[in-house]
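Order of appearance sets the numbers: ligands from 1, and atoms from 1 within every ligand.
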Amino acid sequence: MAEKGPIGVFDSGYGGLTVLKSLVEKLPNHEFLYLGDNARTPYGTRSFETIYRYTLQSVKYLFSQGCPLIIVACNTASAKALRNIQQKDLPTIAPDRRVLGVLRPTTETIGNQTSTGHIGILGTRGTIQSESYLIEIKKFFPHLKVSQEICPMWVPLVENGEQDGPGADYFVQKNLNHILKADDKIDTLLLACTHYPLLIPKIKQFLPPNIKIIDQGKIVADSLFDYLNRHPEIEEKLRKSGSVKFLTTDDENAFNEKATLFYGKKTITEKTDLNIR
Ligand code: DGL
């Protein structure tokens, strides 16, 4: 049998660490390899072509590191690049391996969270303009009323450590007011960006208490757990060392400094240039 390998977890930077945290909690014996493309973050403002190219390069790199399965823990990359990679690239570059995203697990369960049938999606420009959430939710919950809101300043606020500061008040309030004005029956708000969980205390400060905030970590972890039960042929290729390794495309010390905020624990990170040797 071929050598076993870790589950690769990819994000444009730090955001995917909020998902990794839930994955490790759910699958503590599995081995994980996290890759943050911090040198090229943010992805949310970039073109389809660029996000696709960056994501594909990172996926190929994680394959070269022996990952039989990769979770793209970035909404922007999942919305803009994943389908192409799964349908166009995977059959030729790695037909026996799998790449999964965060969109599908979220869209197939989100309708169960709402009582009014009205939900709001908050995300980056890339995610929202792709309309991937609207398209996917319609497949599972055709009667749901879905409003979307681009929150362009939320990732920079988090990236710059301003999520608890007074500067965040203005932008968080502005986007929440805007989406709730568009539909005052919204009772469920999806944080469709892996950076946004860090803003939850601030969001709660300005959101009516009857509105539920959904973050994706647990949803993605539960979905992966089910997936591995249904796909023993993938599960048996995964190494169970219980270790978590971290890679970044930018400065490893800067990554370690910020990562704790997202991951909740200290990280030891190596730098990679994504060249496959
Ligand atoms: N974490 C990414 C997401 O979930 C957004 C960050 C970025 O723009 O690169 O969409």
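Counting only heavy atoms of the protein, atom 8 (O) of ligand 1 lies nearest to Gly44 N, 2.8 Å. Protein heavy atom in closest approach to atom 5 (C) of ligand 1: Cys193 SG, 3.5 Å.
The N/O atoms of Gly15, backbone and side chain alike, include none that comes under 3.5 Å of an N/O atom in ligand 1. Considering backbone and side-chain N/O of Thr194, one or more are found under 3.5 Å from N/O of ligand 1. Polar contact check, Thr45 against ligand 1: no nitrogen or oxygen pair lies under 3.5 Å apart.
Note on Lys271 versus Asp251: no salt bridge recorded, every NZ/NE/NH1/NH2 to OD/OE distance being 4.0 Å or above. Ion pairing between Glu235 and Lys4 fails under the 4.0 Å rule for side-chain N and carboxylate O. One finds a salt bridge joining Lys202 and Asp169 here, because a Lys/Arg side-chain nitrogen approaches an Asp/Glu carboxylate oxygen to under 4.0 Å.
At a heavy-atom cutoff of 4.0 Å, ligand 1 is contacted by no atom of Val102, backbone or side chain. By the criterion of a heavy-atom distance under 4.0 Å, the side chain of Ser12, and not its backbone, is placed next to ligand 1. Residue-level proximity to ligand 1 for Thr41 is carried by the side chain, the only part with a heavy atom below 4.0 angstrom.
Shown here is Lys266, whose NZ atom has no more than 12 heavy atoms of other residues, nucleotides or ligands within 6.0 Å.
Contact detail for Arg98 and Pro95: the closest heavy-atom pair is NH1-O, 3.1 Å. Shown here for Pro208 and Leu180, the closest heavy-atom pair between the two residues is CD-CD1, 4.0 Å.
Note on ligand 1: Gly13 sits outside its first shell, no heavy atom being nearer than 4.0 Å.
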